[in-house]
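Heads up: the structure comes next, in structure tokens.
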Amino acid sequence: MDSIIVTGGKELSGEIPIAGAKNACLALMPATLLSEEPLTLTNAPRLSDIKTMTELLASLGAEASALADGQVLAMSSHNIDNHVADYEIVRKMRASNLVLGPMLARLGQAVVSLPGGCAIGARPMDLHIQGLTALGAEIELKDGYLHAKAPKGLKGAVYEMGFASVGATENIVMAATLAKGTTVLKNAAREPEIVDLVSCLKKMGAHIDGEGTSTITIEGVDRLHGATHPVVTDRIELGTYMLAPVIAGGEVECIGGRLDLVEAFVEKLDAAGVSVEETARGLKVSRKNGRLSAVDVTTAPFPGFPTDLQAQMMAMLCTADGTSVLEEKIFENRFMHAPELMRMGANIDVQGGKAIVTGVEQLKGAPVMATDLRASVSLILAGLAAKGDTQVNRVYHLDRGYEHLVRKLSGVGAQVERVPGS
Ligand code: UD1
């Protein structure tokens, strides 16, 4: 397995292009299953998770190909001849479960393996099941698979989610586009990726209102048609690269960055003493002098501080002046990067859902390993300012969520190298 070696101590300067959002793209791709006509996505990120979704769609009978060096995804689902999403594909990525709602709506049946994905908590699917059941689906769990059917078709309903789950919102909204009558989804998730999905579904002819708020209303239609849609900017990739010059020192402009996507995150950067400037092309971030201040961070659903930036923020706080408390409210097991950062000299005390980080002057390079995507990138970030070399193993996690990571970081002056494993 490949690893990445980061040699710390280089100031960064230049620009980093931000890709289309992985999490938006993974919800947009299954939307192709809702229509017989082609769906084309532009600004798609080039990631292994996108390949996995392409493979899954193909296994169901859809045609899906990557064009223009992978940034355009051309899909067509005129001939869906399989309604079973197999464990061998689904286990690689939790977002595979996003084919459940569309298949149920289009075919009246779906069999979907329970997913795998990042090892960051139990991540059940009860909210997806409850929401689709409210729309008239009958769902049972057999042999690790969810068997869902809607023999009489789906019917609009009012459903309030117990927690604003991103994936459940996406599955329920997609299913409701072809249900008979009106669905009102209360306590819906408000993430930009959901707004992006709804914007695409509207181009396909869906009648939806309230996206970006806690109540989404969907009026079912008989059929959806084809569309072309650009994937929204990846706010997690954006936040990650914004932290690179903050941790390493220097100034980087993140091209395509938008403040409205990362407001809660920028508020915390501001409190820590980082300057973020909106430019005509994106967001410019710099840290030229002095040590950062400690800040407390609590993760929350959008518009709160994203759980997917918690590990990277921890990497920054490891060398801030003072003690920060990071509280993880979305996933119960998401501090697996903490012991690895401690191997690099960080002072972190994890107590249940809280991590107390007391800043040290400098981290030291070490061989480290991470067991999920965002944890892996937090170790790369930490390595940028550490003394000596940091070797990050199990790089396949990074390939799931960061396209051309080495190229993007070396482009602004970081010393980063990918080395093939045995
Ligand atoms: C999505 C993102 C992921 C991000 C997460 C939270 C994608 C592909 N992934 O994941 O990167 O970290 O949102 O912002 O978009 N839950 C239940 N029952 C359910 C569903 C969820 O209890 O039926 C719980 C989960 O265990 C977790 C929390 O709700 O603790 C958040 O999950 P959810 O919002 O559904 O995240 P995902 O859609 O899986």
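Counting starts at 1 for both ligands and their atoms, following the listed order.
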Looking only at distances, can you tell me whether any N or O atom of L26, backbone or side chain, sits closer than 3.5 Å to an N or O atom of ligand 1? no
Is the shortest distance from a Lys or Arg side-chain nitrogen in R91 or D86 to a carboxylate oxygen in the other one below 4.0 Å? no
Part of M53 with heavy atoms under 4.0 Å of ligand 1, whether side chain, backbone, both or neither: neither
Using distance alone, with no hydrogens and no angle criterion, decide if Q310 and T299 have a side-chain donor and acceptor under 3.5 Å apart. no
May I ask whether R334 has any heavy atom positioned less than 4.0 angstrom from an atom of ligand 1? yes
If I apply the N/O under 3.5 Å rule, does S165 come out as touching ligand 1? yes
Starting from the C-alpha separation in whole Å, work towards a yes-or-no answer on salt bridge (Lys or Arg N to Asp or Glu O under 4.0 Å) for D399 and R418. CA-CA 12 Å; D399 295 334; R418 184 167 181 140; 2.9 Å; yes
With a 4.0 Å cut-off on heavy atoms, is A168 in contact with ligand 1? no
Can you confirm whether the side chains of D196 and H229 place a donor and an acceptor under 3.5 Å from each other? yes
Given that the side chain starts at C-beta and the backbone is N, CA, C, O, which of these parts of F163 lies under 4.0 Å from ligand 1, counting heavy atoms, or is it both or neither? side chain
Looking at P124, which atoms of ligand 1 are within less than 4.0 Å of one of its heavy atoms? 17 (C), 18 (N), 19 (C), 20 (C), 21 (C), 22 (O), 23 (O), 26 (O)
Looking at E251, K408, K284, E253, which hits side-chain contact (heavy atoms from CB on, under 4.5 Å) with E15? E253
By side chain to side chain donor-acceptor pair (under 3.5 Å) - contacts of S3 (at least two apart): Q391
Ligand 1 to G167, heavy atom cutoff 4.0 Å, flagged ligand atoms 35 (O), 38 (O)
Mode of E170 contact toward ligand 1 - side chain, backbone, both, neither (heavy atoms, under 4.0 Å): neither
Report the C-alpha separation of E37 and R223 in whole Å, then their side-chain angles, then the decisive distance to 0.1 Å, and conclude whether the side chain to side chain contact (heavy atoms under 4.5 Å, CB included) test is met. CA-CA 10 Å; E37 295 179 20; R223 58 186 298 277; 3.1 Å; yes
Please list every donor-acceptor pair under 3.5 Å in which a side-chain atom of residues 185-195 meets a protein atom from a residue at least two apart or in another chain.
residue, atom, partner, partner atom, Å
N187, ND2, M161, O, 2.9
E191, OE2, F302, N, 3.0
E193, OE1, R235, NE, 3.2
E193, OE1, R235, NH2, 2.9
E193, OE2, R235, NE, 2.8

Any side-chain donor near an acceptor of the partner, S376 and R394, under 3.5 Å: no
Touching ligand 1 at all, E193? Heavy atoms, strictly under 4.0 Å? no
Test of proximity, D126 against ligand 1: N or O pairs below 3.5 Å: yes
Quick check: does D308 get an N/O under 3.5 Å from an N/O on ligand 1? yes
Without hydrogens or angle criteria, can the side chains of E63 and H78 be said to hold a donor-acceptor pair below 3.5 Å? yes
Would you kindly say whether Y402 and E237 are connected by a side-chain donor-acceptor distance under 3.5 Å? no
Honestly, for A95 the part within reach of ligand 1 (heavy atoms, under 4.0 Å) is side chain
Heteroatom distance test (E191, ligand 1): nitrogen or oxygen, under 3.5 angstrom: no
At less than 4.0 angstrom from any non-hydrogen atom of F331, what atoms of ligand 1 do you find? 5 (C), 12 (O), 27 (C), 30 (O)
Provide the number and element of each atom of ligand 1 under 4.0 Å from a heavy atom of T307. 6 (C), 12 (O), 14 (O)
Identity of the nearest option to atom 33 (P) of ligand 1, non-hydrogen atoms only, from V166, I129, T169: V166
Checking heavy atoms under 4.0 Å, the part of I236 that sits near ligand 1 is neither
